[in-house]
2 protein chains.
Amino acid sequence: MRSQLHHPDRREISLDKVLHALSDPIRRDIARVMHAEGSRTCGQLDYPIAKSTLSHHLKVLRESGVMHTEVRGTTRIITLRRDDLEARFPGLLDAVRVTRPAADGEPVGAEGARRGPCPPAARSAR
Amino acid sequence: MRSQLHHPDRREISLDKVLHALSDPIRRDIARVMHAEGSRTCGQLDYPIAKSTLSHHLKVLRESGVMHTEVRGTTRIITLRRDDLEARFPGLLDAVRVTRPAADGEPVGAEGARRGPCPPAARSAR
DNA sequence: TTCAAGGTTCTACGATCATAGAACATCGAG
DNA sequence: CTCGATGTTCTATGATCGTAGAACCTTGAA
């Protein structure tokens, strides 16, 4: 089956939806990790939330145009749609600290989030 | 009475709240009009929403740190906290098209919003 | 003091959201 | 085929949101 997921075209990406997607600290942190460490599978993301909740967040990110999801076998590779977002809303990813460190008081990601800062080859046993 | 409203300190302005505040098209448009035309009173804003709804939006904008409200007599002067936002999240106002025109397919403000592009001295009868 | 103007607060309502558990679907390995 | 791994979808729940009407508050003017 062509289980190709739906992604909005670049021109269809709406600022409303993108801002809403990025107003959640977990989702913003997912985007930040994607930028910092490249593509990942969903399972490599490590947050203190249920699997179904993470799946929901990834769906919000995908449908808003922030992330791209590629089905590969049983896993899914998610990537930040940096070029599309940069073309559509220049400077936005930088301003919301997805592609730039915070350097102020505010933490970059979710306060309670625990992302796995492991390189993509160091995760066989968990 | 010192009916001075509470505004968050610059360092207290949270990206979560700012992004949430700006994810609403009406609120984003209010911020845009404030930047384009300077300070206004609430009554000079002209949207197809109830007074109480507008008041709610202004409260969200104020409590998130996007706007400043100054009580002057029976009216309130609202202004964009541009310097604070620029210091805290450089480039954000520009990226979300508050301080820059859109130039793309997407309209700048709310689709159904009807802001009054009138100069501050041309509104006596409505 | 009385009154109108400008806004807020209270209350309510339907919609959406973040969350999670359970069941289900899909793929690769044995 | 069977089984485990990887995620999604379904369903539900409590919280929050955008909206609006009604009452209320504050100020300035008559």
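Both backbone and side-chain heavy atoms feed into the values below; hydrogens, waters and symmetry mates do not. What you see is a predicted model; the values in this text were computed from it and never measured. Below, read A as the first sequence line, B as the second, and so on, with proteins coming before strands; counting in each chain starts at 1.
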I need the [atom1]-[atom2] distance between [X] and [N], as an integer number of Å.
| X | N | atom1 | atom2 | answer |
| --- | --- | --- | --- | --- |
| A:L22 | C:dA18 | CG | C1' | 16 Å |
| B:H56 | C:dA12 | NE2 | P | 18 Å |
| B:L5 | C:dG6 | CG | C1' | 14 Å |

Quick one: which of [options] gets closest to the side chain of [X]?
| X | options | value |
| --- | --- | --- |
| A:T41 | D:dG7, D:dT19, C:dT19 | D:dG7 |
| A:R76 | C:dG7, D:dG7, C:dA18 | D:dG7 |
| B:K51 | C:dT8, D:dG21, D:dG7 | C:dT8 |
| B:S52 | C:dA22, C:dT9, C:dT19 | C:dT9 |
| A:I49 | C:dA20, C:dT8, D:dC17 | C:dA20 |
| A:A50 | D:dT9, C:dA20, D:dA20 | C:dA20 |
| A:C42 | D:dA20, C:dT9, D:dG7 | D:dG7 |

- prompt: Reckon B:T75 touches a base, only the sugar-phosphate, or nothing at all at heavy-atom distances under 4.0 Å?
  reply: sugar-phosphate
- request: Look at all strands and tell whether B:R62 reaches a base, only sugar-phosphate, or nothing, counting heavy atoms closer than 4.0 Å.
  value: nothing
task: Report yes or no: do B:I13 and B:V60 belong to one cluster of Ile/Leu/Val/Met/Phe/Trp/Tyr joined by side chain heavy-atom distances under 4.5 Å?
output: no
message: Under 4.5 Å between side-chain heavy atoms, counting indirect links through other Ile/Leu/Val/Met/Phe/Trp/Tyr residues: same cluster for A:I77 and A:L80 or not?
response: no
Under 4.0 Å between a side-chain N/O of [X] and OP1 or OP2 of [N], yes or no?
| X | N | answer |
| --- | --- | --- |
| B:R72 | D:dT27 | no |
| A:H20 | C:dA18 | yes |
| A:S55 | D:dT8 | yes |
| A:H57 | C:dT19 | yes |

- prompt: Just by modelled atom types, is the B:L22 backbone N or O under 3.5 Å from a matching donor or acceptor in the B:R28 side chain?
  reply: yes
- request: Map A:S23 and A:G73 onto DNA chain C by nearest heavy atom, then report which one ends up closer to the 5' terminus.
  value: A:S23
- prompt: Checking only heavy atoms, does the side chain of B:T74 share a donor-acceptor pair with the base of C:dA5 at less than 3.5 Å?
  reply: no
statement: Distance col, row A:S64:OG vs A:R81:CZ, nearest 0.5 angstrom, shows 9.0 Å
message: I need the B:E70 CD to B:R76 CZ distance, nearest 0.5 Å.
response: 11.0 Å
